[in-house]
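Scroll down for the structure; my scribbles are underneath it.
Values in this document were obtained by computation on a predicted structure and should not be read as measured data. Below, chain A is the first sequence line, B the second, and so on; all start at residue 1.
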Protein chains: 4
Amino acid sequence: MHAVRTDPDPARRSDASRRAILSTAFDLVGEAGYAGLSIEGIAARAGVGKQTVYRWWPSKGAVLFDAFLMLSEDSGGSPALPDTGDLEADLVAVLRATVDELNDPRYDEPMRALNTEIAHDPDLARAYTERLERPMRELKKDRLRSAQRAGELSADLDPDVAVDLIWGPLLNRWMLRGGELTGDYAERVVVAALDGLRPRGGAAD
Amino acid sequence: MHAVRTDPDPARRSDASRRAILSTAFDLVGEAGYAGLSIEGIAARAGVGKQTVYRWWPSKGAVLFDAFLMLSEDSGGSPALPDTGDLEADLVAVLRATVDELNDPRYDEPMRALNTEIAHDPDLARAYTERLERPMRELKKDRLRSAQRAGELSADLDPDVAVDLIWGPLLNRWMLRGGELTGDYAERVVVAALDGLRPRGGAAD
Amino acid sequence: MHAVRTDPDPARRSDASRRAILSTAFDLVGEAGYAGLSIEGIAARAGVGKQTVYRWWPSKGAVLFDAFLMLSEDSGGSPALPDTGDLEADLVAVLRATVDELNDPRYDEPMRALNTEIAHDPDLARAYTERLERPMRELKKDRLRSAQRAGELSADLDPDVAVDLIWGPLLNRWMLRGGELTGDYAERVVVAALDGLRPRGGAAD
Amino acid sequence: MHAVRTDPDPARRSDASRRAILSTAFDLVGEAGYAGLSIEGIAARAGVGKQTVYRWWPSKGAVLFDAFLMLSEDSGGSPALPDTGDLEADLVAVLRATVDELNDPRYDEPMRALNTEIAHDPDLARAYTERLERPMRELKKDRLRSAQRAGELSADLDPDVAVDLIWGPLLNRWMLRGGELTGDYAERVVVAALDGLRPRGGAAD
DNA sequence: GATTAACCGAGACGGTACGTCTTGTCTTCCA
DNA sequence: TGGAAGACAAGACGTACCGTCTCGGTTAATC
């Protein structure tokens, strides 16, 4: 006894179509923006029947998500964060790079589109968290744990909160355009996060 | 020198229609979600011609924004943040309230909808920043400046960065569903932001 | 006891507006065709409020009808048909002139528009018959009666049927584009109508 | 060399939708009149997407035309005109039947609507002439040619002019409501057309 | 090697919403 | 109060996509 609606057989899947769909989706959202992204358009541009998209993805967001996934896999996954022994310098370098990426029009629109879909689709959000966000977060936590071992960070720190504290402000300002997104801003966030808002007891900063 | 396309005359505007449209927009997005929000639907439910919507608002997002604006004005604007003299306690209280609001289904969907419209529409983002975000941010900064005067915060602190540090992680986790959004999480963020990630010099807490 | 909706007082009517509306209506239908004729457009082009149109005319067709009426009155009404003593020659001349008018793009579209409005609006049809069609028909009948007196037409002829027989085929072919509308065709119709379809008894024509 | 805009594939066409659209169009125009005929309304009543109408017909008039075409094909096409050997009697009978049809409200409005569309759309007029008018005209001409062979009509008669002479006045009076449309009128037209307007040479008629 | 089942491209289908246009009514303000 | 101006509710216009479906034409695994 099994489901009536038989799932498609992944073995027979056309990889050419799959890749065409995903890269077309990424291209289209970059060119025409979030509003200009349609399954109709993806299928037409990719030279693919609409059914082929609907057969393998449940939603436009899922296509977009897979497009990002393919991109990240094709580029060999994410490397570890730099670890020079100077946490502050390393974080500033990483965040400055992130700022550059977020300001790059080639990535800005697609990422906004993906985030929008995630914000409205819990299933997609889960997939995103597990497949893309968590691996990146683990890299960040690895670096922080290394800093903890080096005594640069409090021993009793919750690494997840720490990651949120460092990256959250940046992403938030980017998404909602709550001010210019510059490397300097990133640096000030890192410093503030590391030192904390309260005055430090000892010698002046 | 001015545009050919003369803007409609605000003096002749029907306030009844305006309010009907705005509250309908808010209701609809709450009931049917972001995807279920259409100008067609708003006009129909509000008993208003579609043209009346298009005459006064350039986009669906602008309607939604005005709906929030009306809501905030009708509720008499935002009051100052509590100031008991204990910054940490005050911030925890405020953020816990924010968490409750974000978890309230009546506000969750509409706010997501507004935020995603903002994310894709720079004009709307500017309006949001100026009319809604900045006033709230000023209240937050007032509280932080009060704490600075009381010696609870570093004197050379950039209040904008401070606000981002405290509220950014929360909003980010909410929007992207990057984990459960609880009062405890809010509290941990406040503590981490105030103390900083680095070990404090003295005996420390 | 009388109607609630008081009719407007014709004495106060602005003649400038009236004339502007009528000539604009005629121009517009000539330029943009029947489909491009709207009360909105007439009012805008004539520099007149929409209400001024609605106040004085019950329908788009009525405006168009009045436009024709004004035109025919401004051109001093219709003169009598030529009467040289040779009925056939006179009819051919008149019908050839009619053919030329119907083929003139300046009159073709407006007349089509008026005729189709008439076809769908009995009130308008009545007004048309009484104010425009009947006067012209009387002129035609006058010429035919003159021919009857001269022995050129049967004494017991119904002049209305005769007029229909001569002009009907022409108008019909014009409206439905049932073939090229030429002076020769008009001539053949006149000859056939005068002689009849049956063979003539004697040596024949 | 051919058009870029590829026409839809007729093989895939849904005959059920096609027939639903056509009969709905005919019904609607009969019920609500020409003004009450909209593609929106046809699609809704026929249980069909608007795009299905737009895909297969270029205009409202084309739908209406096809509706008439289907009607005439479904009723097995037009039979030959009666030929009892007495042309006058046959013509009177046919025209009386036509008068009845034109006075039948079930056909009056739809035909007016079709004629209106034809009057304003040359393409449609061409289609009408070729597919509906010409076949009917051939039947009429057949009957007239039979009469010519029987010596009832002039040998040198142009059958097209003859048809126009007989049917033109009728159609014209119907369309423009230029007087009551009765069987008697039809009879008087037939007699006048056959005998001609001129006095006949021999014994009185 | 033939069968056969599923994928493929294509695209028609019933729908929903878009943003624009026009309708006929109503209101405001000017002369 | 007539007229210019134009906002209003209503709804049709023609277009773009939605997600489902059906059609032949491959294509790959099974017999």
DNA chain F contacts among residues 39-49 of chain D, heavy-atom distance under 4.0 Å: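 Heavy-atom contacts with DNA chain F come from D/I39, D/E40.
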In whole Å, I'd like the distance from the [atom1] atom of [X] to the [atom2] atom of [N].
X: D/R55; N: F/dT15; atom1: CZ; atom2: P; answer: 12 Å
X: B/L37; N: E/dC18; atom1: CG; atom2: P; answer: 8 Å
X: A/W56; N: E/dA6; atom1: CH2; atom2: P; answer: 12 Å

Test: D/R12 cationic atom under 6.0 Å from D/W56 six-membered ring centre, within 45° of axis: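 No cation-pi geometry.
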Nearest-nucleotide 5' precedence on DNA chain E, C/P58 against D/D9: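 Checking each residue's closest nucleotide, the 5'-ward one belongs to D/D9.
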Atom CZ of D/R18: over 12 foreign heavy atoms under 6.0 Å: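 Atom CZ in D/R18 is packed in, count exceeds 12.
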Atom CZ of C/R177: over 12 foreign heavy atoms under 6.0 Å: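 Buried by this count: over 12 neighbours within 6.0 Å.
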Only pairs under 3.5 Å count here: list side-chain donor-acceptor contacts from residues 27-36 of chain D, not counting sequence neighbours, and write none if there are none.
residue: D/E31; atom: OE1; partner: D/R45; partner atom: NH2; Å: 2.6
residue: D/E31; atom: OE2; partner: D/R45; partner atom: NH2; Å: 3.3
residue: D/Y34; atom: OH; partner: D/E117; partner atom: OE2; Å: 3.4

DNA chain E contacts among residues 14-28 of chain B, heavy-atom distance under 4.0 Å: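 Those residues whose heavy atoms fall under 4.0 Å from DNA chain E, taken from residues 14-28 of chain B, amount to none.
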Any side-chain heavy-atom pair of [X] and [Y] under 4.5 Å:
X: A/D123; Y: A/R126; answer: yes
X: B/F65; Y: B/L69; answer: yes
X: D/W57; Y: D/I39; answer: no
X: C/R55; Y: C/T52; answer: yes
X: B/D66; Y: B/M70; answer: no
X: D/P8; Y: D/R13; answer: no
X: D/L114; Y: D/M111; answer: no

Closest approach to the side chain of [X], judged atom by atom: which nucleotide of [options] is it?
X: A/T52; options: E/dC8, F/dA7, E/dT20; result: E/dC8
X: A/K60; options: F/dC18, E/dC8, F/dG3; result: F/dC18
X: D/S38; options: E/dT20, F/dA12, E/dC8; result: F/dA12

Side-chain donor/acceptor of B/R112 to backbone N/O of A/H120, under 3.5 Å: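 Not confirmed, B/R112 side chain does not pair with A/H120 backbone.
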Dump every N/O contact between nucleotides 21-26 of chain F and the protein below 3.5 Å, one line per pair.
residue: F/dC21; atom: N4; partner: A/Q51; partner atom: NE2; Å: 2.1
residue: F/dC23; atom: O2; partner: D/R12; partner atom: NH2; Å: 3.1

Angle of first-five versus last-five pair axes in the helix from E/dG1-F/dC31 to E/dA31-F/dT1, to 10 degrees: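 Result, rounded to 10 degrees: 10°.
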Test side chain to side chain contact (heavy atoms under 4.5 Å, CB included) applied to A/S59 - qualifying residues, sequence neighbours left out: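 Listed in chain order: A/A62, A/D121.
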